[in-house]
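Heads up, the thing below is written out as structure tokens.
What you are looking at is a predicted structure, and each value in this text was computed from that prediction instead of being measured. The chains referred to below are lettered A, B, ... by the order of the sequence lines, with proteins before strands, and numbering in each begins at 1.
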There are 2 protein chains.
Amino acid sequence: MSAIEFRDHDHAACMRSTMQAAEAQCTARGLRLTPVRRRALEILLAEHRALGAYDLLAHLSAEGLGTQPPVAYRALDFLVKAGLAHKIEALNAYVGCVQPGADHAPAFLICRGCRSVAEAETTPSQSRLGDAARAAGFRIERSVVEAEGLCPACQKDDI
Amino acid sequence: MSAIEFRDHDHAACMRSTMQAAEAQCTARGLRLTPVRRRALEILLAEHRALGAYDLLAHLSAEGLGTQPPVAYRALDFLVKAGLAHKIEALNAYVGCVQPGADHAPAFLICRGCRSVAEAETTPSQSRLGDAARAAGFRIERSVVEAEGLCPACQKDDI
DNA sequence: TCAGTCATGTTATATCATATCAATACGAAA
DNA sequence: TTTCGTATTGATATGATATAACATGACTGA
Ligand SMILES: [Zn+2]
Ligand SMILES: [Zn+2]
Ligand SMILES: [Zn+2]
Ligand SMILES: [Zn+2]
């Protein structure tokens with residue numbers, strides 16, 4: 001589980017298996033992966049990069065799947081709620097989930113060079129933040145953990 | 001250091017000492033805490049809450065300190081760069097720093113009930129995310145750690 | 001005093017996101 | 001199969017967040 005996103009890999013196979021897992025999830029949970037939603041997910045998964053809602057909309061629009069912002073935001077909303085995509089808060093952008101189904105608390109490594117995003121796991125409750133929360137009597141419902149920096153490839157290109 | 005923000009405390013004294021620390025920082029580092037910037041910081045510190053840029057602008061504007069968005073964004077940019085305020089990415093909002101000067105990697109506890117924000121410390125390098133980053137050869141430059149949930153007071157009010 | 005830099009004023013615009021209502025498609029129940 | 005309720009999509013408008021660009025003014029140090 002160490003950041004396949006930054007490594008060379010058979011991405012065609014990577015996409016296929018991820019889409020299959022996403023479909024399985026939807027079937028199992030009675031969710032409808034409609035054409036727009038499915039295509040939106042494929043677009044997000046096409047590269048391990050964060051895409052803005054309007055970038056996604058441009059792709060969808062080019063394929064005749066809708067032209068107005070709500071089209072993109074509805075698809076993203078569905079995918080995020082279904083755990084098939086994640087929002088990167090630091091970028092106001094979205095990325096396809098590479099382990100759909102795992103009911104996870106993801107953390108992200110975000111390259112500021114190429115905008116690639118790798119997904120890791122967190123355990124908020126075991127973190128120092130978890131300690132602080134307990135001490136303060138704060139009940140954590142959701143956590144955002146995002147690290148920005150440079151991926152191995154972009155480090156070689158210097159800045 | 002356990003989340004004074006959620007507890008009853010002498011907030012007038014809290015603000016005074018924080019402002020003094022902020023001034024000391026600016027003096028020491030040759031930064032200019034101009035009237036707009038100073039007032040912006042006071043407004044952010046007035047409550048331990050995240051404030052949107054336009055909320056801040058409304059306050060400043062009411063006091064004759066500027067009417068256009070760049071006024072607020074410039075002040076916020078200065079304060080954030082100086083470490084006197086922080087941006088809460090999950091809210092697109094800003095909060096005054098209660099430990100200015102400490103060159104820290106802050107983490108936040110954000111109440112969805114009252115929008116209060118408490119600041120804690122992280123140690124990204126010691127986290128599981130740090131492990132994942134090292135394993136992937138990713139160089140972390142900045143980290144965003146934000147936990148949303150309910151503060152003690154808002155838990156009592158149920159949902 | 002003058003040049004250089006930092007800060008502010010002002011206008012315009014870019015970018016991200018949602019409210020609302022109408023029309024349609026779908027699936028379960030009768 | 002028809003009917004009804006709900007989920008989805010289409011379309012228009014608007015709200016919310018953020019920055020570009022350029023002019024003007026203030027402070028600083030030669
Ligand atoms: Zn891949
Ligand atoms: Zn990169
Ligand atoms: Zn206080
Ligand atoms: Zn609260």
Taking [X] for the side chain and [Y] for the main chain, is one N or O donor matched with an acceptor at less than 3.5 Å?
X      : Y      : answer
B:R115 : B:A50  : yes
B:Q155 : B:L150 : yes
A:E146 : A:E89  : yes
A:H86  : A:F108 : no

request  = Go through A:R134 and A:D131 one step at a time and tell me if the salt bridge (charged side-chain N to carboxylate O under 4.0 Å, His left out) criterion holds.
outcome  = CA-CA 5 Å; A:R134 261 187 303 281; A:D131 298 339; 2.8 Å; yes
request  = Could you check whether the rings of B:H9 and B:H48 sit parallel, tilted or perpendicular, using 30° and 60° as the cut-offs?
outcome  =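 Tilted.
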Mind calculating the distance between [atom1] ([X]) and [atom2] ([N]) to the nearest angstrom?
X     : N      : atom1 : atom2 : answer
A:L56 : C:dA17 : CG    : C1'   : 14 Å
B:L79 : C:dA7  : CG    : P     : 12 Å
B:Y73 : C:dA14 : OH    : C1'   : 12 Å
A:D55 : C:dT15 : CG    : P     : 10 Å

ask   = Quick one: does A:S116's side chain get under 4.5 Å of A:E5's, heavy atoms only?
value =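 Heavy-atom side-chain distance check fails, nothing below 4.5 Å.
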ask   = Is B:I43 close to B:L60 at the side-chain level, that is, under 4.5 Å between some pair of heavy atoms?
value =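 B:L60 reaches B:I43 side chain to side chain.
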query = Hey, quick one: are A:V145 and B:V144 part of the same hydrophobic cluster, counting side-chain heavy atoms closer than 4.5 Å, chains of contacts allowed?
reply =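 No, because A:V145 and B:V144 fall into different hydrophobic clusters, even though each may have its own neighbours under 4.5 Å.
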message = Below 4.0 Å from chain A heavy atoms, what is the first contacting nucleotide of DNA chain D and what is the last?
response =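 Span of nucleotides near chain A: D:dA7 to D:dT12.
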request  = Under 4.0 Å from any atom of DNA chain C, heavy atoms only: list the residues of residues 87-94 of chain A that qualify, in numerical order.
outcome  =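 Result for residues 87-94 of chain A: A:K87, A:N92, A:Y94, sorted by number.
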N/O to N/O distances under 3.5 Å, protein versus nucleotides 8-11 of chain C:
{"unit_1": "C:dT8", "atom_1": "OP1", "unit_2": "B:T34", "atom_2": "OG1", "d": "2.9"}
{"unit_1": "C:dG9", "atom_1": "N7", "unit_2": "B:R74", "atom_2": "NH1", "d": "2.8"}
{"unit_1": "C:dG9", "atom_1": "O6", "unit_2": "B:R74", "atom_2": "NH2", "d": "2.5"}
{"unit_1": "C:dT10", "atom_1": "O4", "unit_2": "B:R74", "atom_2": "NH2", "d": "3.3"}

task = Using the side-chain contact (heavy atoms from CB on, under 4.5 Å) rule, pick out the option among B:L84, B:L41, B:L45 that qualifies with B:T18.
result =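 Checked B:L84, B:L41, B:L45 against B:T18; only one passes side-chain contact (heavy atoms from CB on, under 4.5 Å): B:L45.
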